[in-house]
J.: 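Shown below is the structure under consideration.
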Amino acid sequence: MAAGFKTVEPLEYYRRFLKENCRPDGRELGEFRTTTVNIGSISTADGSALVKQGNTTVICGIKAEFAAPPLDAPDRGYVVPNVDLPPLCSSRFRTGPPGEEAQVTSQFIADVLENSQIIKKEDLCISPGKLAWVLYCDLICLDYDGNILDACTFALLAALKNVQLPEVTINEETALAEVNLKKKSYLNVRANPVATSFAVFDDTLLIVDPTGEEEHLSTGTLTIVMDEEGKLCCLHKPGGSGLTGAKLQDCMSRAVSRHKEVSRLLDEVIQSVTHK
Amino acid sequence: MEVAKRADRKVSADTGAESSPRGPVCSLRHFACEQNLLSRPDGSASFLQGDTSVLAGVYGPAEVKVSKEIFNKATLEVILRPKIGLPGVAEKSRERLTRNTCEAVVLGALHPRTSITVVLQVVSDAGSLLACCLNAACMALVDAGVPMRALFCGVSCALDADGNLVLDPTTKQEKEARAVLTFALDSVEQKLLMSTTKGLYSDAELQQCLAAAQAASQHIFRFYRESLQRRYSKS
């Protein structure tokens, strides 16, 4: 009977739960889904991470290649993110050129990389003006159940911490690059941006970590990307119902606590990998 | 073709409730708006902020493709064309921001199974482009007579390395700034409809920028009202 009601009046069905301050999957309004992270699973990539937030699954693979540095900044490398939402993850995506959702998410990830200065592009330079690293970060969603931005940001952060670049020396005589695969070093990850997404319901209620259905029924979304010490990298609110300053403050405090949770989880995982 | 008023406004916006020792006097650039300048679209507007200029055209409510129709409300589409080059991922992102902002204010339920298309063409970019696009879109929607529950406006502010706030930054100020924040605010209660930011900043600075943006939006809404009054009082 509940299933029938849910199909006919999904919004009313949700409102009944929200009145009791909980959600159909049993979570509180401020509770995140179980997050698991697995790093280093792709052996052919230089760095990889798989993040599962409830059902939403995103895998990030990073490949490093050589390139000539840009002419206007000869001491910098490149970091090129790309988010792919294949038809596998949800029935709403079709094959073909990237749809709007994928493009918007790619732009969001590029902005987070740029704003948080997570990798200093100068660190990626091997020989100014001649050779630099370019890191291709490919994020592929395997299962789309809402809150793709949080999962992608987390996957990217975990994968970047997992990247090991070999040492490269430029041979003086031949002017060719010599790669020493035996000597690898980790990237210098300078920041820990963590994204927290909220969905706005009926212009007033804010719920954290929306699932696919909740996103569909919501009247607006908000994503806050926070670094350590409460510095904000990004406040992404693409339209939707209006928010007052007070509500924004509540979101900030939740984002701060989420940042602590995620940092702790990531540190544990990295510790366990390096101990092996 | 009716020319709405040219606002020669160098306005001062207060920095709001936060008592910050670095609260300077901020000013918006000179802005101007012209409506009903194109003959084909149902509504059109050109919005100028300093040297930044955006032309907007609105078609709607019009026929919608069956694959895109929504049974109980209008389908809103926003197309943003840059001044040079082909539209890329950044334009798609801005289109999504503008579209969601318009969807929050347009009363789509009055026109189900129709489409409302907003086309934005960047004529010149001298800073605060997204804010100018939002203002142009709002004026064009008003000119087209699309029913809305509120007006909205876009305000940009830049934080430089010392923490000084500059409203409506130019391209040079944006480049040198530590952070650039763009907000869309509604006219009824100055609630935050849309926000997109670049760079690193703290929570307190965000509140300061938001307060400054809310104060500046009052001036923009007053300008909307006056320009529309001027236009309709002539006829």
Side-chain angles (χ1 to χ4, degrees), chain A residues 11 80-83 94 97-112 114-118 190-191 193 200 203-204 218-249 251-253 255-256, chain B residues 16-18 67 72 76-78 87-106 134 137 149-150 152 159 178-211 213-214:
Chain A
L11 199 52
V80 181
N82 182 43
V83 176
R94 297 281 145 89
E100 196 202 352
E101 185 81 36
Q103 290 193 46
V104 168
T105 315
S106 289
Q107 182 64 33
F108 176 80
I109 297 291
D111 286 340
V112 168
E114 180 71 42
N115 294 346
S116 61
Q117 292 284 302
I118 187 172
R190 287 150 191 273
V200 185
D203 301 341
T204 42
S218 67
T219 49
T221 55
L222 167 69
T223 306
I224 298 178
V225 181
M226 208 165 245
D227 202 349
E228 273 117 21
E229 308 142 26
K231 283 249 169 227
L232 286 149
C233 305
C234 185
L235 179 69
H236 186 248
K237 185 183 188 302
S241 358
L243 275 185
T244 55
K247 283 240 148 62
L248 219 55
Q249 276 304 109
C251 298
M252 293 291 167
S253 32
V256 170
Chain B
E18 307 279 329
S67 57
N72 60 346
L76 211 72
E77 239 177 64
V78 174
V89 182
E91 273 71 41
K92 255 292 181 286
S93 180
R94 293 210 183 107
E95 283 174 10
R96 158 73 74 93
L97 295 171
T98 316
R99 193 184 76 234
N100 285 14
T101 314
C102 297
E103 269 175 6
V105 289
V106 164
L134 287 162
R149 69 168 59 88
F152 60 93
L159 283 165
R178 166 167 55 96
V180 178
L181 298 86
T182 306
F183 301 111
L185 301 162
D186 83 343
S187 61
V188 179
E189 285 167 29
Q190 280 79 51
K191 279 213 260 197
L192 180 66
L193 286 176
M194 185 280 289
S195 125
T196 182
T197 66
K198 219 170 80 138
L200 276 173
Y201 48 96
S202 71
D203 190 16
E205 285 169 340
L206 169 70
Q207 296 297 340
Q208 194 190 349
C209 289
L210 195 51
Q214 281 169 335

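Each chain gets a letter, A, B and so on, in the order its sequence line appears, and its residues count up from 1. Just the heavy atoms: all of them, side chains too, but no hydrogens, waters or symmetry mates, feed the values below. Predicted model only: the values in this text are computed from it and were never measured.
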J.: Between A/Glu114 and chain B, with a heavy-atom cut-off of 4.5 Å, which part of the residue counts as in contact: side chain, backbone, both or neither?
T.: neither
J.: Where on B/Ala90 is there a heavy atom nearer than 4.5 Å to chain A: the side chain, the backbone, both, or neither?
T.: both
J.: Using heavy-atom distances under 4.5 Å, tell me whether B/Asp203 contacts chain A through its side chain, its backbone, both, or neither.
T.: both
J.: So what's closer than 4.5 Å to chain A heavy atoms on B/Leu200: side chain, backbone, both or neither?
T.: both
J.: Which ring-ring contact (aromatic ring centres under 6.0 Å, His included) pairs, counting each pair once, include a residue from residues 218-247 of chain A, with sequence neighbours left out?
T.: A/Phe108-A/His236
J.: Above 12 or not: heavy atoms from other molecules or residues under 6.0 Å from NZ of A/Lys231?
T.: yes
J.: Assess, by modelled atom type and distance only, whether the side chains of A/Thr219 and A/Ser241 contain a donor and an acceptor separated by less than 3.5 Å.
T.: yes
J.: What part of B/Leu206 lies closer than 4.5 angstrom to a heavy atom of chain A: side chain, backbone, both or neither?
T.: side chain
J.: If the condition is side chain to side chain contact (heavy atoms under 4.5 Å, CB included), which residues does B/Glu103 pass it with, not counting sequence neighbours?
T.: B/Leu76, B/Arg99, B/Asn100
J.: Counting C-beta onward and ignoring hydrogens, is there a side-chain heavy-atom pair between A/Met226 and A/Met252 closer than 4.5 Å?
T.: yes
J.: Quick one: which of B/Thr197, B/Leu181, B/Leu97, B/Leu210 has the most heavy-atom pairs under 4.5 Å with chain A, could you say?
T.: B/Thr197
